[in-house]
Protein chains: 2
Amino acid sequence: MGRKVIDNPNVCSLVHAMNVIGNKWKPILIYLLANGSLRFGKLLMFTPTISKKVLTEQLRELEEDGIIIRKKYAEIPPRVEYSLSEKGKALLPILKSLSQWTQDSYNEIEFEACRIVTL
Amino acid sequence: MGRKVIDNPNVCSLVHAMNVIGNKWKPILIYLLANGSLRFGKLLMFTPTISKKVLTEQLRELEEDGIIIRKKYAEIPPRVEYSLSEKGKALLPILKSLSQWTQDSYNEIEFEACRIVTL
DNA sequence: AATAGTGGTTACAAAATGGTAACTAATGGG
DNA sequence: CCCATTAGTTACCATTTTGTAACCACTATT
């Protein structure tokens with residue numbers, strides 16, 4: 001079909017960014033951690049409709065990608081605190097501008113009511 | 001489980017933005033249209049490994065969300081030109097900063113080689 | 001009459017993602 | 001001995017997303 005395949009670092013980086021944050025829960029989780037660390041249980045409470053399994057998965061992936069830091073305390077019952085890394089913090093203004101873009105570009109009626117969490 | 005569900009316009013807007021651009025192909029397509037309009041066939045060439053079907057779907061959705069404009073010319077063989085709307089253009093600096101974030105945060109080895117297209 | 005070119009559509013399949021419910025380990029308190 | 005608490009894990013299922021390959025409509029050219 002004669003397709004051109006040439007390296008484009010900008011596009012590649014963008015694809016990578018989307019792999020890291022572009023799914024249903026990750027941007028929300030990052031936003032929730034914006035104001036400081038939270039325990040697993042709090043993240044679960046503040047992200048209604050997410051399941052334990054999926055929350056665990058998402059947190060693990062964010063940790064692998066260096067966005068968040070997982071701190072486990074040797075206590076019983078267990079305590080685990082999640083917080084943003086420097087990479088993660090660097091994302092915040094970008095997520096904020098994405099959020100702002102929506103508010104500038106669409107009126108409320110255009111995006112279905114979405115009831116999520118605040119701190 | 002005692003979950004708090006409170007409206008948070010920032011998170012809602014972010015979720016909406018991700019619904020609009022956060023998938024495998026859309027950010028790439030927006031990027032490809034950054035420098036002007038392109039025909040269907042060119043978009044297909046410049047986005048290797050995307051299929052006609054999926055390209056059509058993605059373009060339709062971007063059009064519905066007001067990101068791109070589809071202009072059909074009454075010619076034979078058909079000609080269709082896709083270009084960014086104002087909403088779409090407003091996304092470009094944000095996508096650029098996401099791309100930049102990756103380049104600042106990861107070294108090349110960390111994200112697997114991704115061969116995509118340039119214009 | 002057959003073929004090429006463009007921008008699709010259709011039926012179907014595979015893969016990725018997200019969700020449910022039950023279960024676990026470790027320990028303190030009643 | 002039983003229960004509560006926290007941060008998970010496990011097996012299984014459902015939904016969503018993405019991909020493949022064949023087909024179509026319209027006209028010009030050979």
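First the proteins, then the strands, lettered A, B, ... as listed; each starts at 1. Because the structure is predicted, anything quoted here is derived from the model rather than measured.
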| remark: When rounded to whole Å, the CG to C1' distance for the pair A:Leu44 and C:dT20 reads 14 Å
| task | Please state how far atom OH in B:Tyr82 lies from atom P in C:dT6, giving the value in whole angstrom units. | result | 15 Å
| Toward the 5' end of DNA chain C, by each residue's nearest nucleotide, A:Pro77 or B:Thr56 | B:Thr56
| task | Have a look at A:Lys72 and say if it touches a base, only the backbone sugar-phosphate, or nothing, with a 4.0 Å heavy-atom cut-off. | result | nothing
| query | Would one find a side-chain N or O of B:Arg39 under 4.0 angstrom from OP1 or OP2 of C:dT6? | reply | no
| Under 4.0 angstrom between A:Arg79 side-chain N/O and D:dT5 OP1 or OP2 | no
| task | Go through D:dA7, C:dG7, D:dT18 for me and flag the one nearest to the B:Lys53 side chain. | result | D:dT18
| query | With a 6.0 Å cut-off on ring centres, are A:Trp101 and A:Tyr106 close enough? | reply | yes
| note | From CD1 of B:Ile76 across to C1' of D:dT27 the rounded distance in Å is 6 Å
| query | Taking atom C1' of D:dT16 as reference, at what distance in whole Å does atom CD of B:Gln58 sit? | reply | 12 Å
| Whole Å only: how far is the CZ atom of B:Arg60 from the C1' atom of C:dG7? | 9 Å
| request: Answer yes or no: side-chain N or O of A:Lys24 and base N or O of C:dG18 forming a donor-acceptor pair under 3.5 Å. | output: no
| Atom-pair distance (NZ on B:Lys52; C1' on D:dT20), nearest Å | 13 Å
| said: Any base atoms under 4.0 Å from A:Tyr73, or only sugar-phosphate, or nothing? Heavy atoms, all strands. | reply: nothing
| note | Rounded to the nearest 0.5 angstrom, the NZ-CG distance for A:Lys89 and A:Leu84 is 7.0 Å
| Taking atom NZ of A:Lys87 as the centre, does the number of heavy atoms from other residues, nucleotides or ligands within less than 6.0 Å exceed 12? | yes
| remark: To the nearest angstrom, the CG-P distance between B:Leu59 and C:dT6 comes to 17 Å
| request: Ignoring hydrogens and angles, state whether a donor on the side chain of A:Glu61 or A:Asn23 is under 3.5 Å from an acceptor on the partner side chain. | output: no
| Residue-phosphate contact under 4.0 Å: B:Asn23 side-chain N/O, D:dT16 OP1/OP2 | no
| remark: Per atom distances to the B:Glu57 side chain, the nearest of D:dA7, C:dG5, D:dT18 is D:dT18
| said: Evaluate B:Trp25 against B:Leu59 for side chain to side chain contact (heavy atoms under 4.5 Å, CB included), listing each step before the verdict. | reply: CA-CA 10 Å; B:Trp25 298 115; B:Leu59 291 172; over 6 Å; no
| query | CE of A:Met45 versus P of D:dA7: gap in Å, rounded? | reply | 12 Å
